[in-house]
Number of protein chains: 2
Amino acid sequence: MGVTENVQKPLDRMAASLAAEMAAVNDLIRQRMSSRHAPRIPEVTAHLIEAGGKRLRPMLTLAAARLCGYDGPHHIHLAATVEFIHTATLLHDDVVDESRQRRGRPTANLLWDNKSSVLVGDYLFARSFQLMVEPGNLRTLEILSNASATIAEGEVLQLTAAQDLATDESVYLQVVRGKTAALFAAATEVGGVIAGAPEAQVRALHDYGDALGIAFQIVDDILDYGGATQTIGKNVGDDFRECKLTLPVIKAVARADAAERAFWTRTIERADQREDDLAQALHLLARHGALADARADALAWAARARTALATLPEDPLRGMLADLADFVVSRVA
Amino acid sequence: MGVTENVQKPLDRMAASLAAEMAAVNDLIRQRMSSRHAPRIPEVTAHLIEAGGKRLRPMLTLAAARLCGYDGPHHIHLAATVEFIHTATLLHDDVVDESRQRRGRPTANLLWDNKSSVLVGDYLFARSFQLMVEPGNLRTLEILSNASATIAEGEVLQLTAAQDLATDESVYLQVVRGKTAALFAAATEVGGVIAGAPEAQVRALHDYGDALGIAFQIVDDILDYGGATQTIGKNVGDDFRECKLTLPVIKAVARADAAERAFWTRTIERADQREDDLAQALHLLARHGALADARADALAWAARARTALATLPEDPLRGMLADLADFVVSRVA
């Protein structure tokens with residue numbers, strides 16, 4: 001391997017290695033996001049799907065299936081299923097969070113309306129279930145339908161837990177497992193199942209996806225406060241302004257004195273925020289080393305993801321999956 | 001059969017005849033609407049599910065399965081699946097329509113918020129897919145996942161078509177087939193499939209559910225204008241106030257002169273309504289016989305539903321299904 005290839009992002013290397021299959025996934029997605037009767041469906045869906053998402057989740061399915069020696073056609077359907085579930089949850093998330101931007105563009109709920117986002121999201125959910133039925137494999141159906149329920153459960157839990165200072169790290173982990181890791185874990189696991197991989201490998205793929213998803217979400221939550229080094233980029237503080245309790249704040253709250261606790265109660269629980277509050281929040285996170293500690297957690301989860309790969313066959317794809325775990329946390333290095 | 005039994009509503013007779021199985025369906029629904037982590041899920045779901053809905057759709061599945069001689073356990077899962085899909089769509093419909101009342105009680109979006117309704121609806125969709133996977137029957141999975149996509153497609157089509165005077169009866173039929181008849185047809189069809197009924201009977205059950213659902217929705221749309229006899233009940237005119245083009249108005253628009261057309265354009269397309277507009281709308285519907293004609297359409301669909309039953313086994317349940325078709329349209333008799 002040359003130096004260039006070494007430093008190339010693992011996701012790009014994986015995309016290159018799975019280029020033909022990813023093209024097939026993209027074709028299938030485009031084909032199934034159409035609608036005979038309702039032109040608004042492909043309009044809304046294309047806005048999101050063509051916006052240059054990284055297709056990380058379907059790539060995980062393809063990589064897992066290939067790594068386990070699969071040479072049939074069904075991983076394409078499963079990968080497209082995973083991307084449809086992801087896209088549907090994005091549409092609904094943006095309604096729930098009243099978001100105005102996604103992937104650097106105005107959200108669908110802003111461009112069209114909440115109604116379209118809710119109903120087109122439902123359509124994509126239904127399309128994902130049609131797609132996952134097609135391979136005729138009951139176990140992948142179970143895994144993906146369970147993941148869908150876990151995702152929705154995590155989102156509902158977040159509704160009530162995210163603004164409650166009693167939320168501790170174990171509840172945070174449940175939310176994150178639901179809203180993020182469940183789909184990562186299902187994406188990798190179904191790849192192994194469709195390949196007929198031994199139980200231990202299927203389990204390993206699940207554990208890899210679970211740990212990768214958790215690391216991914218913790219990193220996202222750290223970046224929302226400008227990263228572990230607190231370089232303030234753009235969009236810092238969205239979670240704070242939305243009064244969303246994430247891991248850094250949970251760590252700072254656990255170490256808060258009475259005055260600090262009053263600050264968090266006012267700004268997060270009572271949603272009463274003033275001009276300098278974000279600066280004060282960043283100050284408190286720094287004071288308690290909350291971002292650095294959250295980063296250590298993310299690194300530990302990435303390490304668990306790498307470790308889980310040990311039982312899987314030796315293959316360049318395995319190396320890329322391992323590098324992907326490191327890459328995910330490198331955003332807060 | 002005594003006189004009392006003859007005049008008893010067909011739905012009540014069906015419920016009595018399927019009492020043990022409906023109890024099993026209700027148990028399964030209650031069990032699956034729970035959530036280990038998010039207590040808001042059973043709260044919101046119970047509000048809707050316990051509100052005394054008639055459980056018409058799951059009853060159709062049970063009746064179809066029994067009529068075709070099924071004696072296994074899986075129709076219970078399929079019936080609960082159908083009710084979960086229905087409940088999920090109600091939650092999302094009330095968000096989309098900004099409804100404040102459902103089954104005589106405040107809607108979930110009013111009691112909690114839109115976010116809870118969107119996400120709990122997603123949870124119930126996912127739960128419905130878990131449930132439908134359990135019988136391990138790929139054909140029922142196909143039917144139900146296709147129905148879910150058709151429902152969402154119908155709802156999106158309605159978004160754009162309902163306020164557009166160019167919407168004709170064929171587009172209306174597409175919307176109604178999506179938002180209402182697809183689930184009726186799937187409910188009866190999967191009952192036949194799980195029973196291993198011959199193809200002709202499965203087809204007949206599908207056609208019965210399709211025609212029954214269309215009749216049901218046309219009747220609903222007539223009642224929204226006070227019924228074919230124009231006795232003004234409460235809540236008359238909701239569709240008009242929401243600028244929703246339904247069959248009666250489509251018929252009146254088709255027969256409108258220039259001034260009338262201007263009236264419909266202003267009130268429906270431009271949503272510019274004044275105090276006496278509903279009275280004027282009712283006057284125009286009467287002038288063109290629009291409600292009476294819509295009623296004739298509903299009766300024709302009910303007759304098609306009855307006719308479809310001909311190839312099914314002779315059984316008291318078949319009689320009840322036939323009576324149900326008449327009962328549905330008797331509301332506008």
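Every chain is numbered from 1 and lettered A, B, ... according to where its sequence line falls, protein lines coming before strand lines.
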Which value, rounded to the nearest 0.5 Å, describes the distance between B:Asp122 atom CG and A:Thr89 atom OG1?
-> 8.5 Å
Sequence neighbours excluded, the answer for salt bridge (Lys or Arg N to Asp or Glu O under 4.0 Å) partners of A:Glu43 is none
In terms of heavy-atom pairs under 4.5 Å with chain B, which of A:Arg127, A:Gln174, A:Arg40 leads?
-> A:Gln174
May I ask you to name which of A:Asp93, A:Val120, A:Leu131, A:Val133 has the most heavy-atom pairs under 4.5 Å with chain B?
-> A:Val133
What part of B:Glu98 lies closer than 4.5 angstrom to a heavy atom of chain A: side chain, backbone, both or neither?
-> side chain
Residues of residues 145-161 of chain A near chain B, each having a heavy atom less than 4.5 Å away | A:Ser145, A:Asn146, A:Ser148, A:Ala149, A:Ala152, A:Glu153, A:Glu155, A:Val156, A:Leu157, A:Leu159, A:Thr160
Do A:Phe125 and B:Phe125 have ring centroids that are under 6.0 Å from one another?
-> no
Please work out whether the ring planes of A:His92 and B:His92 are parallel, tilted or perpendicular, with thresholds of 30° and 60°.
-> perpendicular
Is there side-chain contact between B:Asn114 and A:Asn114, with at least one heavy-atom pair below 4.5 Å?
-> no
